[in-house]
Protein chains: 2
Amino acid sequence: MGVTRQTKQVKTLLDIFNTENNAISVADLVKKLSGQMNKTTVYRILDRLMEDGIVHSFVGKNGLKWYAKCQGCSCDAHFDVHPHFQCKVCGEVSCLTSSFKIPEVKGYKVDAVNLLLVGTCSDCL
Amino acid sequence: MGVTRQTKQVKTLLDIFNTENNAISVADLVKKLSGQMNKTTVYRILDRLMEDGIVHSFVGKNGLKWYAKCQGCSCDAHFDVHPHFQCKVCGEVSCLTSSFKIPEVKGYKVDAVNLLLVGTCSDCL
DNA sequence: AAATATAATGCAACCAAGTTGCTTAATTAA
DNA sequence: TTAATTAAGCAACTTGGTTGCATTATATTT
Ligand SMILES: [Mn+2]
Ligand SMILES: [Mn+2]
Ligand SMILES: [Zn+2]
Ligand SMILES: [Zn+2]
């Protein structure tokens, strides 16, 4: 299990994910929380929250790690497989609700799919 | 235009991409070529080769940058839009020939798609 | 075959993201 | 309230990637 103690820092992180609709990069979190919390703490809490199925992570177009809140996941399995969208203009990253089928590739066994759409979001169009 | 002079270092890089079927991470290239070539040079040549449509780049599942040879691209446009596959066992990354249609998302303008399949390759099954 | 112009390399220093080991503090249970 | 132990802080480190500038090598001109 991931989080076992309800520390002030865990509450802070949970609050951020509960009020924020979009995904957040770890780098941004560390910056935003500098002074409140050590960056090592941020990384470790995110790890634990992911173990618990509270958040999920993925890699953005520049190789940075992003986190977003899960919808209906548990510590046993991450169910919400979905694409992500990254806006080239404002930089915002969001989870898309549209599902997609895992493509079959002959000779390969596909376990996970990372689908990142890059373009311009509705606000920036 | 990217490459204008046929230096020893450029030839070395081109030779690697012409003999290697799979994608190569920049980190691996820098390691493999250490002693032969400065890492700054590796990064800069890769940039130029990409400008010329000779190689293309993408981000692997751990956020590392990978390069692979293009098929039929020019300095004007990178045409070969395709998914990539990363094997969790041996770590190899390869370009998939299967094409896919760019998904439409209401309200968004999608310019590029990064599709990375993660699983087990035929050698490791 | 020099001389020239300048593209490209090497080097060192730097930056940013992420990790590790260990000490100290805070939460929870007894 | 004490004790057990999870979790936070801190500092040092690692790795991938970038930048500025001096030097070298390529291609072109004379
Ligand atoms: Mn998501
Ligand atoms: Mn490819
Ligand atoms: Zn936007
Ligand atoms: Zn494999």
Side-chain angles (χ1 to χ4, degrees), chain A residues 1-17 23-52 54-68 75 84 86 91 93 114 116, chain B residues 1-17 23-68 75 84 86 91-93 114 116:
Chain A
M1 205 208 310
V3 172
T4 59
R5 291 187 184 182
Q6 201 73 353
T7 67
K8 189 180 50 171
Q9 290 84 343
V10 167
K11 281 176 201 153
T12 302
L13 262 294
L14 280 175
D15 198 55
I16 289 176
F17 281 104
I24 318 170
S25 75
V26 188
D28 279 349
L29 272 175
V30 167
K31 271 168 217 147
K32 172 190 295 204
L33 295 173
S34 82
Q36 277 184 76
M37 194 181 315
N38 190 272
K39 75 169 169 176
T40 312
T41 305
V42 176
Y43 280 99
R44 295 204 264 230
I45 290 179
L46 291 172
D47 274 347
R48 280 182 260 140
L49 292 180
M50 197 162 70
E51 270 189 63
D52 289 342
I54 296 171
V55 299
H56 62 278
S57 78
F58 55 95
V59 173
K61 75 183 173 71
N62 304 118
L64 288 201
K65 202 169 186 184
W66 292 75
Y67 279 88
C75 45
H84 295 100
Q86 183 158 20
V93 175
N114 286 242
L116 179 71
Chain B
M1 206 206 312
V3 171
T4 59
R5 290 186 185 184
Q6 200 73 352
T7 67
K8 190 181 50 173
Q9 291 85 342
V10 167
K11 281 176 201 154
T12 303
L13 262 293
L14 280 175
D15 197 55
I16 289 176
F17 282 104
I24 318 170
S25 74
V26 188
D28 280 350
L29 272 176
V30 167
K31 273 168 215 146
K32 172 190 293 204
L33 295 174
S34 80
Q36 277 183 77
M37 193 181 314
N38 191 271
K39 75 169 169 175
T40 312
T41 306
V42 175
Y43 281 98
R44 295 204 264 228
I45 290 178
L46 290 172
D47 276 346
R48 279 181 261 141
L49 292 180
M50 198 162 70
E51 269 189 63
D52 290 341
I54 295 170
V55 299
H56 61 277
S57 78
F58 54 95
V59 174
K61 74 183 173 74
N62 304 118
L64 287 200
K65 203 168 185 183
W66 292 76
Y67 280 87
C75 47
H84 295 100
Q86 182 158 18
E92 283 215 331
V93 175
N114 286 245
L116 179 70

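Note on naming: letters A, B, ... go to the chains in the order of the sequence lines (proteins, then strands), and numbering restarts at 1 for each one.
Separating the CD1 atom of B:Ile45 from the P atom of D:dA25 is a distance of 14 Å, rounded to the nearest angstrom. Per the geometry, CG belonging to A:Asn38 stands 15 Å off P belonging to C:dT20, to the nearest Å. Atoms NZ (A:Lys39) and P (C:dT19) sit 10 Å apart, rounded to a whole Å. The distance between atom OH of B:Tyr43 and atom C1' of C:dC15, rounded to the nearest whole Å, is 13 Å. Here C:dC11 presents its P atom at 14 Å from CD of B:Gln36, a figure rounded to the nearest Å. Across the protein-nucleic acid pair, B:Met37 atom CE and D:dT24 atom P stand 18 Å apart, rounded to whole Å. Here the C1' atom of nucleotide D:dG16 and the NZ atom of B:Lys31 are 9 Å apart, to the nearest Å. Atom CG of A:Leu29 is separated from atom P of C:dA16 by 17 Å (rounded to the nearest Å).
The closest donor-acceptor contact from the side chain of A:His84 to the backbone of A:Gly60 lies at 3.5 Å or more, if one exists at all. The closest donor-acceptor contact from the side chain of A:Asn38 to the backbone of A:Thr40 lies under 3.5 Å. Side-chain atoms of B:Asp52 do not come within 3.5 Å of backbone N or O of B:Ile54 as any donor-acceptor pair. A donor-acceptor pair under 3.5 Å is formed between the side chain of B:Thr12 and the backbone N or O of B:Lys8. A distance-only check finds no donor-acceptor pair linking the side chain of B:His56 to the backbone of B:Met50 [under 3.5 Å]. Checked by atom type and distance alone, the side chain of B:Gln86 pairs as donor or acceptor with a backbone atom of B:Lys61 at under 3.5 Å.
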Stepwise, does the side chain to side chain contact (heavy atoms under 4.5 Å, CB included) test hold for A:Val59 with B:Leu116? CA-CA 11 Å; A:Val59 173; B:Leu116 179 70; over 6 Å; no
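Within 4.0 Å of B:Val26, counting heavy atoms only, lie sugar-phosphate atoms of the nucleic acid but no base atom.
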Going 5' to 3' through nucleotides 21-30 of chain C, assign each nucleotide B (protein heavy atom under 4.0 Å from a base atom), S (under 4.0 Å only from sugar-phosphate atoms) or - (no protein heavy atom that close). B----BBS--
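Between B:Ser25 and B:Trp66, the shortest heavy-atom contact is N-CE3, 3.2 Å.
Ring geometry for A:Phe17 against A:Tyr67 counts as perpendicular: the plane angle is over 60°, on a 0 to 90° scale with 30° as the lower cut.
In the region residues 58-66 of chain B, proximity to DNA chain D at under 4.0 angstrom, judged on heavy atoms, holds for B:Leu64, B:Lys65.
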